[in-house]
Amino acid sequence: MLSRALAEMDNMPIKRVLTHGEKAAAYMADGYARASGRPGICAAQAVGAANLAAGLRDAYMGHSPVIALTGGRWGHQKHKINYQEMDDFPMFTQVTKANFQVDTIVRLPDLLRQAFREATSGTPAPVNLLFAGKEGDIEHDEAELKLIEEETFAQVPAFRPAPEAARVAEAARALKKAKRPVIVIGGGARYSGAGPEVLKLARALSIPIATSLNAKSLVPENEPLYIGVPGTYSRSCTNKLLKHADLVVYVGSQTGGMVTHFWKIPPAGTPVIQIGIDPSDLGRNYPNAVSVLGDAKTTLKALNEAMAGGKGKGSGNKKWIEETQAVVKEWRAEVKPLRDSDAEPMRPERIWRELGDWLPRDTIVVCDTGHAGMWSAQQLWVSKPWDFLRAAGSLGWAFPASLGAKCAMPKKPVVCVTGDGGFWYHLQELETAVRCGIPTVTLVNNNNSLNQETTIFRHAYGGKPSKKQGEMWHFSKVDFSAIAESMGALGIRVTKPAELRSALDRAISSGRPAVVEVLSDIEALAPNAWEG
């Protein structure tokens, strides 16, 4: 794909990464984009376009500024059964914000510029450029072209729209009246860099803070006002408190199904203030008491100014703060025995406790969906500066995405958190990491299964699973550390809780791709969301 362009990059400060699959390439570009806020670029020839499109699904759901370059068909060869001929263009429509066909070389400058504009402005999302010719052969055409660079669209957010003063004043009035408010911050707040403004508002008015998984790194675990992660991948204490809130302030959140546990937490009828950059999101799932259109950071600055002098009024309800802290303290006490467990095979709670205690400052943690996301929401407690990237729903995303994150931020430690089920998807990209010198640490929670599926199959069998039901969720017992060593990476197998931290130390100090495989209890299931 675009071989001439790739050849021209020899003497440019561009890192070219050849992957073993197009889907993994999309995930790597996605990880790069989420870690840096800069567009990540991936490419595939025509026959690989479908795989690339599948890989863009998570970037689309996760609002990541990825730009895909794909090969397509020449107009004069359409419908003649040319080699690899298929109309790939429609496949990208559902997984991109914009999908452009570049049929002539003269359209390349303006459409490439527009791709960056679309990817980074408003709500970020992927864009596809489909070039004529199955390998992007249009690159061989020649023309006098002028390339216009627009620095504005090199980073998310491209623009920081300010809110209407009247809307900010309306939100301030609602906050002053509330007796049991909660702030919930989402991925949009992370992209906006709004963490300091959220903490300033919450501390000034004594408002409890919850974070979606995408915004988990914005609030330190030891913040007294932090009540955890709500929704489906959640802590029970967080859902309990949100159910009793009399006002919920969503910042940079679309109020989607996962963060609200399918719109049960908070329950329908709860007054909501929603701050967001996309007008179509405001009031989509809750009839907002106040909708504030604007960049999260800019809007919170304005709201902090509007609330100045209001400390202790309404929202500074001492009884509510005491109640929230008591509920969080009770939950922490409940999970402590499992976090401290010395059981073998290991309890996931202990694995995630050790990881949280060990993480170096400024680490980027890249987390898979499913159990990896649930355990991270519940048990990954981090109080130092860090960043957290989470799959929007695609199991197997985390490992390739972690490689992209490391390429974007080479000076920061990058740790992938996944299970054996997730690691199997793109295990072959470990060779890519070794060949390209991408030194990440991958922590594999290995229970030789997709044990999150056990509840599903219990229900499928009417509560009486057959002896063969394990065929749907059991794997062969494989030594991932040995596979890692055979590929030239560092492989470490951990069986005892006391061994884990030293294994992570060895991995991070090795300076090469490392896999830390932890044998865990197949019977250990993450608690389901509390609904009340």
Side-chain angles (χ1 to χ4, degrees), residues 221 228-229 233-237 328-359 365 367-383 395 398 415-424 441-458 465 467 469-470 472-484 491-508 514-530:
E221 188 70 35
V229 177
Y233 289 3
S234 59
R235 302 178 182 182
S236 60
C237 58
V328 172
K329 184 178 180 181
E330 180 183 13
W331 175 78
R332 289 180 184 276
E334 289 175 1
V335 301
K336 188 176 188 303
L338 292 173
R339 284 174 63 83
D340 295 342
S341 173
D342 290 324
E344 299 175 29
M346 287 178 66
R347 288 289 312 186
E349 295 91 341
R350 179 65 186 272
I351 298 172
W352 263 258
R353 191 204 92 181
E354 295 291 334
L355 175 64
D357 290 346
W358 168 84
L359 280 180
V365 176
C367 177
D368 242 325
T369 190
H371 257 166
M374 296 172 79
W375 289 123
S376 292
Q378 295 169 19
Q379 302 298 335
L380 187 56
W381 303 359
V382 183
S383 295
L395 188 61
V415 176
C416 167
V417 180
T418 187
D420 51 306
F423 195 44
W424 275 119
V441 175
T442 301
L443 177 64
V444 181
N445 172 33
N446 186 7
N447 51 34
N448 303 117
S449 71
L450 288 170
N451 72 335
Q452 190 179 357
E453 308 298 304
T454 56
T455 303
I456 295 172
F457 284 107
R458 285 192 192 112
K467 292 181 179 179
Q469 55 93 23
M472 272 76 78
W473 58 278
H474 281 192
F475 294 131
S476 302
K477 292 186 177 181
V478 172
D479 189 334
F480 287 114
S481 64
I483 294 175
I492 306 172
R493 175 171 265 212
V494 177
T495 60
K496 300 179 184 298
E499 300 172 346
L500 180 52
R501 223 176 289 192
S502 62
L504 291 168
D505 283 336
R506 283 179 57 200
I508 201 75
V515 174
V516 178
E517 173 191 20
V518 184
L519 302 189
S520 68
D521 186 356
I522 194 173
E523 300 297 332
L525 302 178
N528 291 325
W530 182 93

Check your understanding: What residues, two or more places apart in sequence or in another chain, satisfy side chain to side chain donor-acceptor pair (under 3.5 Å) together with Lys336?
Key -> Asp340
Practice item. Please tell me if the side chains of Thr442 and Phe480 come closer than 4.5 Å, counting only heavy atoms from C-beta onward. Key: no
**Study point:** Heavy-atom closest pair, residues Ala372 and Val417
**Key:** CB-O, 3.9 Å
Point to revise | Whether Gln452 side chain and His371 backbone form a donor-acceptor pair below 3.5 Å | key: yes
**Study point:** Straight-line distance of Cys416 SG to Phe423 CZ, nearest 0.5 Å
**Key:** 7.5 Å
Check your understanding: Mind checking what makes side chain to side chain donor-acceptor pair (under 3.5 Å) contact with Arg506, not counting sequence neighbours?
Key -> none
Review point. Looking only at heavy atoms, which two atoms of Thr495 and Met346 are closest? And how far apart?
Key: O-CG, 4.1 Å
**Study point:** With sequence neighbours excluded, residues passing side-chain contact (heavy atoms from CB on, under 4.5 Å) with Leu395
**Key:** Asp368, Thr369, Tyr425, Leu450
Point to revise | Residues forming a ring-ring contact (aromatic ring centres under 6.0 Å, His included) with Tyr233, sequence neighbours excluded | key: none
Exercise for review: State which residues pass side-chain contact (heavy atoms from CB on, under 4.5 Å) with Cys237; sequence neighbours excluded, sorted by chain then number.
Suggested key: Arg235, Val327, Val328, Trp331
Practice item. For the residue pair Trp352 and Ser376, confirm or rule out a side-chain donor-acceptor distance under 3.5 Å. Key: yes
Check your understanding: Taking only residues two or more places apart in sequence, or in another chain, which ones meet Glu354 in a side-chain contact (heavy atoms from CB on, under 4.5 Å)?
Key -> Arg350, Leu500, Arg501
Exercise for review: List in chain and number order the residues that pass side-chain contact (heavy atoms from CB on, under 4.5 Å) with Asn528, two or more places apart in sequence or in another chain; answer none if no residue qualifies.
Suggested key: Met374
Enumerate donor-acceptor pairs with a distance under 3.5 Å from any side-chain N or O in residues 519-527 to protein atoms, sequence neighbours excluded.
| residue | atom | partner | partner atom | Å |
| --- | --- | --- | --- | --- |
| Ser520 | OG | Asn445 | OD1 | 2.5 |
| Asp521 | OD1 | Glu523 | N | 2.9 |

Study note, to complete from the structure: For Lys496, the salt bridge (charged side-chain N to carboxylate O under 4.0 Å, His left out) test, sequence neighbours excluded, returns Glu344
Practice item. Enter the distance from Gln469:CD to Phe457:CZ here, rounded to the nearest 0.5 Å. Key: 8.0 Å
Point to revise | Trp473 side chain reached by Ile456 side chain, heavy atoms, under 4.5 Å | key: no
Point to revise | Side-chain donor or acceptor of Asp420 paired with backbone N/O of Asn448 under 3.5 Å | key: yes
Check your understanding: Does Glu349 have any side chain to side chain donor-acceptor pair (under 3.5 Å) partners at least two apart in sequence or in another chain, and if so, which?
Key -> Arg347
**Study point:** Heavy-atom pair with the smallest gap, counting every atom of Val494 and Ala503
**Key:** CG2-CB, 3.6 Å
Check your understanding: Mind checking what makes salt bridge (charged side-chain N to carboxylate O under 4.0 Å, His left out) contact with Arg493, not counting sequence neighbours?
Key -> Asp479, Glu517
Check your understanding: Which residues satisfy the side chain to side chain donor-acceptor pair (under 3.5 Å) test with Asp505, sequence neighbours excluded?
Key -> Trp358
Point to revise | Check: Ile351 and Leu443 side chains under 4.5 Å, non-hydrogen atoms | key: yes
